[in-house]
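Below, read A as the first sequence line, B as the second, and so on, with proteins coming before strands; counting in each chain starts at 1. Hydrogens, waters and symmetry mates play no part in the numbers below; they use all other heavy atoms, side chains included.
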Amino acid sequence: MKGIIGKKIGMTSIFDPGGKQTACTIIEAGPCVVTQVKTKDSDGYNALQLSFGDKKDKHTNQAEKNHFSKASTAPKKFVKEFRDFAIEKNIGETITLDIFAEGDKVEVVGTTKGKGFQGVVKRHGFHGVGQQSHGQHDRQRAPGSLGNSSDASRVMKGMKMAGRTGGDRVKLKGLKVLKIFPDKNYILISGAVPGHNGSIVLIQK
Amino acid sequence: MNAIKYVHEQLTGKKEHPSFKPGDNVTVNYKIIEGNKERIQSFKGDVIKRHGTGNTASFTVRKISDGVGVERLFPLNSPNIESIVLNKTGRIRRAKLYYQRRRSGKSARIKEKRLLESAAAE
């Protein structure tokens with residue numbers, strides 16, 4: 001596995017040489033500093049800890065300062081671990097977008113936009129009643145029956161109901177790398193990516 | 001937003017089109033690929049809308065073809081647009097000329113905006 005931490009910038013579209021227009025997301029990814037190398041001997045598994053995005057000294061506690069000084073880097077905002085990294089890196093080295101090439105299929109992990117408390121139509125894709133007449137009164141988006149009658153006398157576990165929606169960690173697979181701007185650390189990925197603009201996403205392959 | 005601007009600058013092709021506005025009469029020469037043959041089709045009509053900025057900008061051209069109104073939407077930065085020719089500039093008071101859809105015949109004409117000769121010479 002290879003990966004990098006990035007920040008979602010926004011969406012635009014790109015033309016291929018044939019003139020086909022594809023929607024894509026701009027992500028500012030890397031450079032990430034390797035702040036810890038975990039090995040099977042010392043930690044029980046192989047992983048690289050990557051850090052991204054500077055933060056101010058006054059927002060960093062002493063433990064974090066010591067941790068980052070081991071990699072001789074400024075304190076970072078976001079720290080993520082990637083298991084079984086395909087490229088061998090030492091502590092303090094950086095990872096940039098050159099681990100990906102244009103045309104690669106990648107996975108993107110992010111946190112979806114929070115929608116608050118939503119009903120079953122938005123949350124689970126229920127169809128609602130579908131008509132306004134024939135005695136529907138004000139129940140066009142109601143869930144309807146919750147299940148059986150006296151022969152259970154309870155609601156089954158996992159019944160789809162209204163509730164807090166969005167804000168979940170989501171992984172999208174099979175997205176394509178359309179273009180990379182190495183000097184600005186921008187990467188264009190086909191389609192939409194979870195989260196609002198400015199949110200942190202992981203790109204991995 | 002600067003990042004999006006930067007990406008648009010990198011993506012937008014070098015092709016220079018004349019500046020045109022809604023109400024203008026233009027001819028769009030558009031590449032069409034049939035099998036492995038390529039030919040150019042021209043579409044002449046009035047621009048009724050310009051939409052978007054940067055690489056995603058598009059515009060809509062409306063013409064009357066055999067008495068039937070035809071509208072076509074072109075992505076401004078599409079590599080398939082061979083050229084855009086500005087035929088006439090129109091005198092209009094709206095940015096979006098959707099009212100043209102309800103009109104036909106004489107009332108559907110857009111008055112031409114005539115520049116003063118001195119201004120045109122500059």
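There is no contact between N197(A) and chain B, counting heavy-atom distances below 4.5 Å. With a 4.5 Å cut-off on non-hydrogen atoms, K184(A) touches chain B through its side chain but not through its backbone. For I26(A), the part lying near chain B is the side chain, with the backbone staying farther off; criterion is any non-hydrogen pair under 4.5 Å.
The distance between the ring centers of F43(B) and Y30(B) does not fall below 6.0 angstrom.
Side chain of R72(B) to backbone of G45(B): no donor-acceptor contact under 3.5 angstrom is found.
Ring pair H124(A)/F126(A) is tilted by interplanar angle, where 30° to 60° counts as tilted.
Residues T35(A) and A71(A) share a closest heavy-atom pair of CA-CB, 3.9 Å.
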